[in-house]
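In this chain, numbering begins with 1 at the start of the sequence shown. Indexing begins at 1, ligand by ligand and atom by atom, following the structure's order.
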Amino acid sequence: MPEYKAPLRDMQFVLQEVFDCETHYRKLGFEDVDADTMNAIYEEAAKFVEEVVAPLNRIGDEQGCQWNDGEVTTPDGFKEAYEQYKEAGWPTLAQSEAFGGQGLPHSLQQPISEMISAANHSWSMYPGLSHGAMATLEAHGTDAQKARFLPALVEGRWTGTMCLTEPHCGTDLGLLRTKAEVNDDGSYRLNGSKIFISAGDHDLAENIVHIVLARIPGSPAGTKGISLFIVPKVNVSEEGALEERNGVHCASIEHKMGIKGSATCVLNFDDARGYLVGEVNRGLNCMFTFMNSARLGVALEGVAASEAAFQGSLTYARERLQMRALSGAKNPDGAADPIIVHPDVRRMLLTQKAFAEGGRAMSADLSLLIDTTHKSQDADERARAEAKLALLTPIAKAFLTETGMESTSHGVQVYGGHGFISEWGMEQLMRDTKISCLYEGTTGIQALDLLARKVLGSQGELLKGFMQEMGSFLGQCNADEQLAPRAAVIGQYLEELQSLTATIGKLAAANPEEIGAASVDYLMFAGYVTLGYYWLRMMATAQEKLAGGSGDTDFYTAKLQTGAFYFDRVLPRAKSHSACIQNGGDSMMAIAAEHFAF
Ligand SMILES: Cc1cc2nc3c(=O)[nH]c(=O)nc-3n(C[C@H](O)[C@H](O)[C@H](O)COP(=O)(O)OP(=O)(O)OC[C@H]3O[C@@H](n4cnc5c(N)ncnc54)[C@H](O)[C@@H]3O)c2cc1C
């Protein structure tokens, strides 16, 4: 089982050096947050994650969760680790001071979430779901609801869930049937069944706050008739004290491919008491707060998977001796050379490294934008941040999880046959990561969101804004003889992105199926190019540091070398996506559904 080590140096590089987060924090009023404070927090977090959370990863997979008579038990050690997490105050870090939080920026929390996810995806689900629940309540709850539910969530005494999916509807939430009828006192009683609810029941916390989508009788059909409710597992008095058990129960848990230590629950609501959040029939709009935050959280799972796979592969590739290097022995005293000398093993390692570090930079930039949307006093700046987040959220969610999945597959491959054997941990990582491409909207759904809603739906406005940002950075690189050729490559891909967008727009005017036919290739094209932009930003910083003689030469040189690999050996994949898009959707749609098999 590979040992997880938090990539602290790279986390500092991205936030502090590439994006100069200290200036960003000062601008937003976080005067006390400086590099020293951040580094101290990350060192503590790394210690907790490496020593407490990571060792439970294997146990979680082997034991899974247990369901007995309606009660869910998590694997050995999960509860104790959560207790330590809560006692150390980790849940409070980036939460609002008004509810007991420490009021630190969202972006500061993000590396810690990455560490937890990389070390133990299953365990990360329990604190992870609470973040979205808190964000939804803060954005849409009444003052009384916030006072009643937020302090215990912030403290970590209670956890949260998001309850959307029902047996007959996952992607198409307009079909949902869970019913909410108003009580005399203004609360609601909910009846229905939800499936696949992560952290829907467990033994880590004394209460669970479910954020539930349901339909009030008489509401319009489809997505326009959905409202949002808070439904606590244990009822809560107005002062926040626990009362009697509510009518929501876990009917069973799923037996699944991965993240076995995360309880995936069927929840039955039988006259469960709930409280409306936001306006009637505006539930999906409110839930978008949860979903957007959760989508970026899942994007980070992709980065974490690439990092974990890279770390495991690197350790093995340095130790495993097989064959000699093509250019002659590199370990003449040994029986053979370590497999890291072989170009194909290097291809896999560098692909994982490029996805992990590039994805970390993309995610960090998005987390800083979230800070801006929360805290900036400048409405234009907030609007620009929101526009960029809207465009990049589906790209980050789908591209970083697909590449995370690819990284874990390379992880198995680097280990050879041993990668297929459980004790090495790589097959678990691959099984655990697949879910990130599915929940919070599948890759296909993210791609439709990007192309149909964000790009074509805004008549290209959202794309234009980000293109301008990238264009202006490329302009700065032109003055540097090493960066200029890389900037020119990105510039060409951006022109291609524009022309692909126009082509799809034209084809779709005649045949709307063309949007669906192009969407995943379009998202992957945009993903490779966007990651190229973030790699260029990292390369520019690394080069500046080297030129300034600031030390750490090996780190910055490796950064430039990994960037060069990305440009030479990964970015060109975008061309095949472009070719597929240009070939159109006819061959996809020609075959009749009944002729797929005979
Ligand atoms: C382990 C796990 C944890 C989960 N946690 C939660 C949770 O906490 N809360 C919660 O509410 N849900 C949760 N889910 C549910 C998850 O979000 C859904 O499974 C997911 O959104 C997909 O929905 P579905 O399974 O109904 O698939 P479907 O919607 O039936 O989709 C099946 C396939 O069809 C494709 N498809 C569907 N419609 C279109 C379209 N219009 N165009 C192109 N392709 C389309 C999809 O991309 C997919 O490939 C979880 C699921 C799992 C397995």
Side-chain angles (χ1 to χ4, degrees), residues 60-61 64-65 72 121-133 136 159-178 192-202 208-214 222-223 226 228-229 231 248 250 252-267 269 283-284 287-288 290-291 293-295 297-298 301 394 397-398 401-402 405 431-453 508 512-523 585 588-589 593:
D61 189 53
C65 291
V72 175
H121 187 154
S122 286
W123 191 87
S124 78
M125 298 293 287
Y126 298 98
L129 266 296
S130 294
H131 284 298
T136 307
T159 62
T161 71
M162 64 190 290
C163 299
L164 290 76
T165 307
E166 298 183 7
H168 58 285
C169 73
T171 301
D172 194 353
L173 292 170
L175 300 174
L176 75 80
R177 294 185 194 137
T178 296
S193 195
K194 297 281 178 184
I195 63 164
F196 295 167
I197 304 308
S198 298
D201 199 28
H202 55 76
I208 302 175
V209 179
H210 303 292
I211 305 287
V212 186
L213 285 180
T223 51
I226 298 174
L228 189 66
F229 300 87
V231 182
V248 48
C250 176
S252 63
I253 55 173
E254 304 294 344
H255 300 281
K256 52 196 196 292
M257 173 178 177
I259 58 165
K260 295 181 187 225
S262 163
T264 305
C265 303
V266 173
L267 289 186
F269 294 81
L284 217 49
M287 195 52 134
F288 265 115
F290 202 147
M291 279 148 76
S293 128
R295 282 175 181 175
V298 176
E301 289 173 7
K397 157 64 172 89
T401 58
E402 291 290 338
M405 195 60 213
R431 286 187 287 105
D432 283 353
T433 299
K434 182 61 196 171
I435 189 60
S436 305
C437 304
L438 297 168
Y439 56 19
E440 277 317 318
T442 60
T443 298
I445 295 308
Q446 300 302 327
L448 277 181
D449 180 43
L450 172 70
L451 182 55
R453 279 190 62 224
E513 302 287 11
E514 289 292 343
I515 296 180
S519 52
V520 169
D521 282 304
Y522 184 86
L523 182 140
M588 221 178 258
M589 303 310 285

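- For the pair His210 (side chain) and Met162 (backbone), a donor-acceptor distance under 3.5 Å is absent.
- Atom 28 (P) of ligand 1 has Thr171 OG1, 3.6 Å as its closest protein atom, hydrogens excluded (heavy atom only).
- Residue Met257 qualifies as enclosed at atom CE: its count of foreign heavy atoms under 6.0 Å is above 12.
- There is a side-chain donor-acceptor pair under 3.5 Å between Glu166 and Thr178.
- Looking only at distances, a side-chain donor or acceptor of Thr401 sits under 3.5 Å from a matching main-chain atom of Lys397.
- Residue Thr165 places at least one N or O, backbone or side chain, under 3.5 Å from an N or O of ligand 1.
- Closest non-hydrogen pair, Val298 versus Glu440, comes out as CG2-CG, 3.7 Å.
- For the pair Cys169 and ligand 1, the shortest N or O to N or O distance does not fall below 3.5 Å.
- Backbone and side-chain nitrogen or oxygen atoms of Gly444 are examined, and none is located within less than 3.5 angstrom of a nitrogen or oxygen of ligand 1.
- The atoms of ligand 1 that sit less than 4.0 Å from any heavy atom of Met162 are 7 (C), 8 (O), 9 (N), 10 (C), 11 (O).
- Shortest contact from atom 49 (O) of ligand 1 to any protein heavy atom: Thr442 CG2, 4.4 Å.
- Every residue two or more places apart in sequence or in another chain that forms a ring-ring contact (aromatic ring centres under 6.0 Å, His included) with His202 is listed here: Tyr126.
- Using a 4.0 Å cut-off between heavy atoms, Lys194 makes no contact with ligand 1 at all.
- Ranking the protein heavy atoms by distance from atom 20 (C) of ligand 1 puts Leu438 O, 3.8 Å first.
- Using a 3.5 Å distance cut-off with no hydrogens or angles, the side chains of Ser436 and Glu301 do pair a donor with an acceptor.
- Scanning the protein for heavy atoms near atom 1 (C) of ligand 1, the closest one is Ile435 CD1, 3.5 Å.
- Nearest protein heavy-atom neighbour of atom 43 (C) of ligand 1: Leu448 CD1, 4.2 Å.
- For atom 3 (C) of ligand 1, the closest non-hydrogen atom of the protein is Ser198 OG, 3.3 Å.
- Within the 4.0 angstrom cut-off, atom 34 (O) of ligand 1 has no protein heavy-atom neighbours.
- For atom 25 (O) of ligand 1, the closest non-hydrogen atom of the protein is Phe196 CE1, 4.3 Å.
- A distance-only check finds a donor-acceptor pair linking the side chain of Ser130 to the backbone of Gly160 [under 3.5 Å].
- Counting the atoms of ligand 1 from 1 in the order shown, those under 4.0 Å from a heavy atom of Glu440 are 17 (O).
- Between the side chains of Thr165 and Lys194, no donor-acceptor pair is found at a separation under 3.5 Å.
- Judged by distance alone, with hydrogens and angles left aside, the side-chain atoms of Asp432 form no donor-acceptor pair with the main-chain N or O of Gly258 at under 3.5 Å.
- Within a 4.0 Å radius of atom 13 (C) of ligand 1, the protein contributes at least one heavy atom.
- Close N/O approach between Asp172 and ligand 1 is not found [any backbone or side-chain N/O within under 3.5 Å].
- Shown in contact with Gly170 at under 4.0 Å from a heavy atom are these atoms of ligand 1, numbered in order with element: 23 (O), 24 (P), 26 (O).
- The single protein non-hydrogen atom nearest to atom 36 (N) of ligand 1 is Ile445 CD1, 4.3 Å, given as residue, atom name and distance.
- The pair Arg431-Asp61 meets the salt-bridge criterion, with a side-chain N (NZ, NE, NH1 or NH2) lying under 4.0 Å from an Asp/Glu carboxylate O.
- Atom 8 (O) of ligand 1 is flagged as protein-proximal [any protein heavy atom, distance under 4.0 Å].
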